[in-house]
Each structure stands twice: as structure tokens, then as C-alpha cells.
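The structure appears right after this line, and notes come after that.
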Amino acid sequence: MSQFKFSVGPWNVHAGADSYGPPTRQEIDFDTKLAKFAELGFSAIQFHDDDAVPNINDYTEEQIKEKARELKKKLDKYGLAAEFVAPRLWMDEHSIDGGFMSTSAEDREYAMWRAYRSIDIARELDCDMIVLWLAREGTLCAESKSPVWATRQLIEAINKMLAYDPKIRVCIEPKPNEPIDRSICGTMGHVMAISAATIDPSRVGGNLESAHAILAGLDPAHEIGFALAMGKLMTVHLNDQNGIRYDQDKTFGVENLRAAFNQVKVLKENGYGSHGEYVGLDVKAMRTTTDEDCYKHLENSLKIFRALEKKVDRFDYDFQKKCVETRDFEALEMYVMNLLMGID
Ligand code: 3MF
Ligand code: MG
């Protein structure tokens, strides 16, 4: 039995469209996804603001809260919690050149409107976390925006969110690029620096996504460890990624099993989850996957995570200690390989 609770977002089951081609599978309605997520063993759902309240621009603030209350009843029916709400700033015509650091003052105001509405929705869903994946916060043309100004805009936007609700926590999901060329907050180190510069660092932390760390040329387990050391790992987006290329959101562990093992290991060793944190997945089915198999990547990620938990349980810390004392890292490395390959 896993010691962890798992979470997932409705976007993790999608119809297979990519930048180069149309959908390959049927759309699945939201209620069907919720029922299936509960059946697969997930405890919480991650939301974009407009997953929670579709067509959010068409409603008043009161109507948005009312819609969120209806959603809460639905979640209760399935015994699911809401883990976070994330303003989906990258889809709207007001965020073509970014949200909080858009060059248009009107568009920056719109971004704050979405951030405040996300907080309102979170409150109704009984959750206290806003995730900021800063998709378009950066530059497409390096000279179009000052990185100094843009960084300060981000800090100011977060300060406004912290002031709007004294309980809300802001969790940045760093990513170095895509869809932007150069992002402003690309790694966990950036997140920690931004956190320290806000009016309440205790309420600003990070969401480490394995693929995003790899895109930055970093090791996901070390990024997780860094945020844990700062007491600021609020959630994780586990998945996998084949090197520095387009964002793949592969099933957890399929590309680099040892790196996946080390992510599970660092989470387990440091009691991640003991303050209610979830192990979140952010995985995508392949375009070739059939309708029947459209949840397989989630099932497989859970299976691989749980299998790796068992490997962590079997990890021989005495042997590790001995290897460290004698600096026999060759032996330690082979021990890890044997553990992962199932060779005793
Ligand atoms: C993009 C992502 C996003 C975010 C999600 C929640 C589509 O690389 O990882 O997933 O995780 O929008 O903020
Ligand atoms: Mg993600």
C-alpha cells in the first residue's frame, strides 16, 4: 500500500490533438473523467480556473462562485478533494503576450482578474493553493521586454494575490521555455528567489514537474530536494521526458527509471505528504493511443510509482553507508542498477 495520495488534472485525459494535427480520440466529458479518476485511486483533482468554471469570461464574480459551489458538490459525490486552481492565462486573447508581465496594461489587469477569480474558486472548493504555470510569462523576442521589469511584475502580481486572501498559498510551476522562448522563472531556484522577494515567503512555494526540470537540463530529484530543503515543495507534477526537446509529459519513469526512482526516494525519505501534499501526475497519452486505452498512461504512472516505492523500501541504507565510507561509488551504482533490474 502506498503511503502517498495522488492527484490528477482533467487535461491529463485528452483527445490527442497536437500542434501538427487534429484530435485522434473522442472527447470525454468531465463527469465521466471524475468517476474514472476516483476509480483509479486518485484522491484529488487539479483544476485550471476554466476547468472548474468553463467559459469563465461570460460570468460575474458571483456567478463564478455559484458554479464553483456546484462543482464542489460533484467532487463530494466522488469523495474527491480539489488540490489546486491554476489560472489558465495562456489560452485567452488577452494573454497573447503574457499575463502578469504582458506589455499591455489592460491585459495585465485581465490576468489579475483571472488570478482573483481562481482564488474565489479555490475558496469554494475548500482548497488553499493557486498554481501558476507561467506559460507565456517571458519573451518571444528577447528585446521586447525588460527581464528586470518582467520579474518585478511577477512579484507584484503574487503580492496582490497574497493580499487578496490571507490564507491562499501561491505555488509556481517553473518551466524554462515553451510556449515562450525565454521564460522569466525557469527553475526551482528562480521560484525560491521570487518567494523570498514577496510579502509572505511562507505562502509562496513550488510545483516541480519532472519534464520541466529535464528541459532546464537539471535532475528532477535534485530540484525536488532543493525545494524540500527550503520547506517549499507544495506539490509535484511527475512525468518523464526524453531530453531537451518539446515538452512530452510521458508516463512517469518510462524514459529514465533511475531518475524516477530517485524522485520517489527523495519524496519518501523526506516525509513528503505528511502535511497533506499530493503526488500529482502531469502525463499525456500518446497520439496513437486508442479511445479504450485513454487512461492507461495514468494507470501505468501509478503502477510505476508504486513499484518504485517498493524498491525504495528495499534500499539497503547500511550498504550505501559502507560504500560512502570507502568511497566505492562504483559498487553503490551497481547496487542501484541491480535493485532496479531485479537482480539480487
Ligand atoms: C505545461 C504544464 C501544464 C501545467 C498545468 C497546471 C498542461 O508544461 O505542465 O499542464 O501543469 O497547466 O498549471
Ligand atoms: Mg505541469
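Only heavy atoms go into these numbers, but all of them, side chains included; no hydrogens, no water, no symmetry mates. Remember, it's 1-based here, ligands and their atoms both numbered in the order they're listed.
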Q) So, are E309 and R306 salt-bridged, with charged N and O less than 4.0 Å apart? A) no
Q. Are the charged groups of D49 and R117 less than 4.0 angstrom apart, N to O?
A. no
Show the atom names and distances, to 0.1 Å, of all donor-acceptor pairs under 3.5 Å that link a side chain in residues 206-213 to residues at least two apart or in another chain.
unit_1 : atom_1 : unit_2 : atom_2 : d
N207   : OD1    : H237   : N      : 3.2
N207   : ND2    : E173   : OE1    : 3.0
E209   : OE1    : H237   : ND1    : 3.2
E209   : OE2    : H212   : NE2    : 3.1
E209   : OE2    : N239   : ND2    : 2.8
S210   : OG     : N239   : N      : 3.1
S210   : OG     : N239   : O      : 3.3
S210   : OG     : Q263   : OE1    : 2.9
H212   : ND1    : P174   : O      : 3.0

Q) Once the angle between the rings of F315 and Y317 is folded into 0 to 90°, is it parallel (under 30°), tilted (30 to 60°) or perpendicular (over 60°)? A) perpendicular
**Q.** NZ/NE/NH1/NH2 to OD/OE distance under 4.0 Å, K160 and E156
**A.** yes
Q) By side-chain contact (heavy atoms from CB on, under 4.5 Å), which residues pair with P147, not counting sequence neighbours? A) I184
Q: Using a strict cut-off of under 4.0 Å between a residue heavy atom and any atom of ligand 1, list the qualifying protein residues by chain and number.
A: W11, H48, A86, W90, V131, W133, E173, K175, E209, H212, H237, D247, D282
(Q) Between D318 and K322, does any side-chain N to carboxylate O distance fall below 4.0 Å? (A) no
Q.
Between the side chains of K284 and D247, is the shortest nitrogen-to-carboxylate-oxygen separation below 4.0 Å, so that they form an ion pair?
A. no
Q. Between D120 and R123, is the closest basic N to carboxylate O distance under 4.0 Å?
A. yes
(Q) So, with waters excluded, how many protein N/O/S atoms does the Mg ion (ligand 2) have closer than 2.8 Å? (A) 4
